[in-house]
Amino acid sequence: MFERVYVEDAKGMVGETVTIAGWVTRARDLRKIMFIVLRDKSGDIQVTVKKDGSNDFADLDLGREDVLKVTGKVVESKVAKAGVEFIPDSIEVMNRAQQPLPFDLFGPVKAEIDTRLNYRFMDFRRPRTNAIFRVQNTLLTSFRRFLSDRGYLEFQPPCVIASASEGGADLFRLPYFEKEAFLAQSPQLYKQMCAISFEKVFCVTPIWRAEKFNTPTHLNEVRQMDIEQAFADDETVMKVLEEILAYMLTEVKEKCPEELKLLEREITVPELPLRRITYTEAVEMLQGAGEEMAWGDDFSKPQERKLTELVGDEAFFMKDWPSVQKAFYAMPYPENPDVVHAFDLLYSGVEISSGTMRVHIPELLKQQIRKKGLNPDNFTHYIESFSYGAPPHAGWSIGLERLTMTVTGMRNIRECCMFPRDRDRLVP
RNA sequence: GCCCUGGUAGUAUAGUCUGGCCUAUUAUGCUGGCCUGUCACGCCGGAGAUCCCGGGUUCGAAUCCCGGCCAGGGCGCCA
């Protein structure tokens, strides 16, 4: 068995003989004395090798990122910056790193994102990159914990689907034995099918869009965090959304102080309830500020930014969208069918989540599908699932990479996806 | 799909406008030597670049022109 202690723990074990293991951040060889900065997931420690002929590892020719296992004693030191250093009894080189490295991990020369993505396996060792994914992990685990604690069931939607008849975004096609199949663009239909039986469900799943995006905020493969809830309307799930957002931000703030410091981010947890403005109010605000737009138009990127400025809150809801802007499954208001129970959550000027109350009445659903110029016959399975006792339900979805982006302050979504897939990138 | 900017050693860059003085700058990394307390160690030396690809203009192209590929940014698209 591989036994070792993490270097941060070792620092508190002065006088004890222990084994540590990690990567060489830097080896300074002064001929008669050598200093090795050894790093593991917990931190780093200086290993001091006296080259006085008393050991057999003094002539080790160490390079950056070599992997070492070192057994020795932790001693107090007035000279070492950490106050302690590590005096080795034995050093085992577990693996060598080829030199020179593809880019400098800790030096002053910063590699560009494209270079770093080509060597992502090593980029993860960069403190900033590492911090981004620790924050992302905290967002993910707190998302799951919040919902599990409240009785939501985690379900697994399929990623390969048969039908492209939902319309809208382009899907990736793939051969499926003698049939044709598609990569899912959304777990939408499946989460509804789960919610009308399990009542409260959630999932974290990848989705694919075959659009030829060429922007810093779009990827062709992203991860979505979804919930769907029965006996609920849009306001019910908006409340869950604002609470979970506040919870996730609080968790990041509490559990990732080092990471946030490294990323030079300060997190303010918004006060609840978040402000809700209607789509109509938003349009009026923009028109009042001199923007040319009509009711029913979508917001351009600059308009979205301007609106955030006008509202003044870092996070807010925009609700009651025009039917033309939202999917057929969004529930129309009975008194005004041109407006639907749909909402977006804007955070730091980015749309990080959107959701709707769904149409659960088969006849109304057929009507909405026709209204969008689609054929209800292509949605037979979908419509049928609401024919045997489907309660009213609502749900939303958060884009994991986009949320990570806003929380960590990254400008390019590729920074927030471990292995991004875009128009040109398929490796690594 | 459109617009702007860029592509020069492993990395990041200067030089490009105004073609020749480029046998291509600097830093970092790598490498050889010196150094017993360094900690972005320091000092001295070395190697490393068909200047993204293809074509053109010219006596001469990293530099100008055309096409392609790729990257970064601004839009569009993204039920």
Side-chain angles (χ1 to χ4, degrees), chain A residues 25-39 44-54 58 61-65 75 77-83 85 87 97-119 122-123 126 164-171 185-186 188-189 207-220 222 298-305 321-330 340 342 351 354 356 358 368-369 371-374 378-379 382 397 399 402 411-415 422-425:
Chain A
T25 295
R26 198 164 278 121
R28 278 183 287 275
D29 193 339
L30 278 65
R31 189 175 176 87
K32 296 220 174 123
I33 189 167
M34 176 165 65
F35 302 98
I36 304 161
V37 179
L38 195 73
R39 182 188 83 250
D44 55 35
I45 194 168
Q46 175 168 285
V47 176
T48 302
V49 180
K50 296 199 171 164
K51 300 171 131 188
D52 50 10
S54 66
D61 187 17
L62 296 174
R64 292 171 192 229
E65 300 307 296
V75 299
S77 165
K78 283 182 184 158
V79 218
K81 276 189 172 171
E85 61 186 348
I87 307 299
Q98 209 179 98
Q99 304 291 342
L101 300 172
F103 63 92
D104 301 350
L105 278 174
F106 303 97
V109 181
K110 306 281 177 251
E112 287 183 354
I113 185 167
D114 194 51
T115 307
R116 290 192 284 107
L117 287 176
N118 285 336
Y119 298 93
M122 200 179 86
D123 184 44
R126 273 176 80 240
S165 50
E166 287 175 55
D170 288 335
L171 278 73
Q185 57 166 286
S186 158
Q188 183 62 32
L189 310 187
I207 58 150
W208 295 267
R209 304 260 160 118
E211 305 285 336
K212 292 177 178 173
F213 300 127
N214 194 7
T215 87
T217 50
H218 290 81
L219 292 173
N220 293 289
V222 294
D298 200 359
F299 304 97
S300 70
K301 269 190 188 176
Q303 284 169 339
E304 222 164 63
R305 280 194 291 266
W321 282 73
S323 161
V324 290
Q325 288 293 339
K326 294 290 173 180
F328 64 80
Y329 52 72
V340 292
E351 179 199 318
S354 63
T356 57
R358 326 294 189 189
Q368 293 296 107
I369 289 170
K371 215 170 143 183
K372 287 274 173 192
L374 299 167
N378 296 335
F379 297 87
Y382 182 58
S397 133
R402 285 226 180 145
R411 293 292 188 85
N412 190 323
I413 198 166
R414 278 153 261 255
E415 296 278 11
D422 62 29
R423 179 80 179 88
D424 290 290
R425 182 176 287 281

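Shown are A/Gln99, A/Arg39, A/Gln98; of these, the side chain to side chain donor-acceptor pair (under 3.5 Å) with A/Glu65 is made only by A/Arg39. For the pairing with A/Asp422, the salt bridge (Lys or Arg N to Asp or Glu O under 4.0 Å) check across A/Lys212, A/Arg209, A/Arg414 returns one residue only, A/Arg414.
What separates NZ of A/Lys50 from C1' of B/U36 is a distance of 8 Å, to the nearest Å. A/Arg423 places its CZ atom 10 Å from the P atom of B/C69, with the value rounded to the nearest Å. Atoms CH2 (A/Trp321) and P (B/A79) sit 11 Å apart, rounded to a whole Å. One interatomic measurement links the two molecules: CZ of A/Phe35 to P of B/G42, which rounds to 14 Å at whole-angstrom precision. Rounding to whole angstrom units, CG of residue A/Asn412 and C1' of B/G73 are separated by 10 Å. B/C77 atom P lies 11 Å from atom NZ of A/Lys301, rounded to whole Å. Look at CD1 on A/Ile33: it is 15 Å from P on B/C41, rounded to the nearest Å. For the pair A/Phe106 CZ and B/C39 C1', the interatomic distance rounds to 14 Å; values are reported in whole Å.
Residue A/Asp424 is in sugar-phosphate contact alone, with no base atom involved, counting any heavy-atom pair closer than 4.0 Å across all strands shown. Counting non-hydrogen atoms under 4.0 angstrom, A/Ala80 reaches a base of the nucleic acid. A/Lys326 comes within 4.0 angstrom of sugar-phosphate atoms only, judged by non-hydrogen atoms across all strands, and of no base. As judged by a 4.0 angstrom heavy-atom cut-off over every strand, A/Ser300 is placed among residues touching the sugar-phosphate backbone only. A/Lys51 comes within 4.0 angstrom of no nucleic acid atom, judged by non-hydrogen atoms across all strands. Within 4.0 Å (heavy atoms only), A/Arg358 reaches no atom of the nucleic acid at all. Using a 4.0 Å heavy-atom criterion, one finds that A/Gln325 contacts no nucleic acid atom at all. Residue A/Glu85 is classed as a base contact, given a heavy-atom separation below 4.0 Å to a base. Note on A/Lys81: a base of the nucleic acid sits closer than 4.0 angstrom, heavy atoms only.
Nucleotide B/C34 is matched to B/G42 when pairs are restricted to Watson-Crick or G-U wobble geometry with both distances under 3.5 angstrom. Applying the Watson-Crick and G-U wobble criteria (two distances, each under 3.5 Å), B/C2 pairs with B/G74. A 3.5 Å limit on both hydrogen-bonding distances identifies B/A12 as the Watson-Crick or G-U partner of B/U26.
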Protein-nucleic acid N or O pairs under 3.5 Å, nucleotides 25-35 of chain B:
from: B/U28; atom 1: O2'; to: A/Asp104; atom 2: OD2; distance (Å): 2.7
from: B/G29; atom 1: OP1; to: A/Arg64; atom 2: NH2; distance (Å): 3.2
from: B/G29; atom 1: O4'; to: A/Asp104; atom 2: OD2; distance (Å): 3.3
from: B/C30; atom 1: OP1; to: A/Arg64; atom 2: NE; distance (Å): 3.3
from: B/C34; atom 1: OP1; to: A/Arg31; atom 2: NH1; distance (Å): 3.4
from: B/C34; atom 1: OP2; to: A/Arg31; atom 2: NH1; distance (Å): 2.8
from: B/C35; atom 1: OP2; to: A/Arg31; atom 2: NE; distance (Å): 2.4
from: B/C35; atom 1: OP2; to: A/Arg31; atom 2: NH1; distance (Å): 3.4
from: B/C35; atom 1: N4; to: A/Asp29; atom 2: O; distance (Å): 2.8

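A salt bridge between A/Glu351 and A/Lys301 is absent, with no side-chain N of the basic residue lying under 4.0 Å from a carboxylate O of the acidic one.
Between A/Arg116 and A/Arg126, some side-chain heavy-atom pair lies under the 4.5 Å cut-off. Within the 4.5 Å cutoff, the side chain of A/Asn214 has no heavy atoms near those of the A/Arg423 side chain. Considering only heavy atoms from C-beta on, A/Phe103 stays 4.5 Å or farther from A/Asn118 through its side chain.
The ring pair (Phe, Tyr, Trp, His ring centres under 6.0 Å) search around A/Phe106 returns none, not counting sequence neighbours. For A/Phe299, the ring pair (Phe, Tyr, Trp, His ring centres under 6.0 Å) partners two or more places apart in sequence, or in a different chain, are A/Tyr279, A/Trp321.
In the interface, the side chain of A/Glu211 is not paired with the base of B/G1 through any donor and acceptor atom under 3.5 Å apart. Within 3.5 Å, no donor on the side chain of A/Lys212 pairs with an acceptor on the base of B/G76, nor the reverse. The base of B/U11 has none of its N or O atoms less than 3.5 Å from a complementary donor or acceptor on the side chain of A/Glu112.
Side chain to side chain, A/Asn220 and A/Arg425 fail the donor-acceptor criterion of an N or O pair below 3.5 Å.
Taking the nucleotide of RNA chain B with the nearest heavy atom to each of A/Asn214 and A/Arg414, the more 5' of the two is matched to A/Arg414.
B/U11 has no stacking from A/Phe103 on its base ring, since the centres under 5.5 angstrom apart and planes within 30 degrees of parallel are not both found.
Straight-line distance between the C1' atoms of B/U25 and B/A14: roughly 5 Å, to the nearest whole Å.
Look at A/Thr115 and you'll find a side-chain N or O under 4.0 angstrom from OP1 or OP2 of B/A12.
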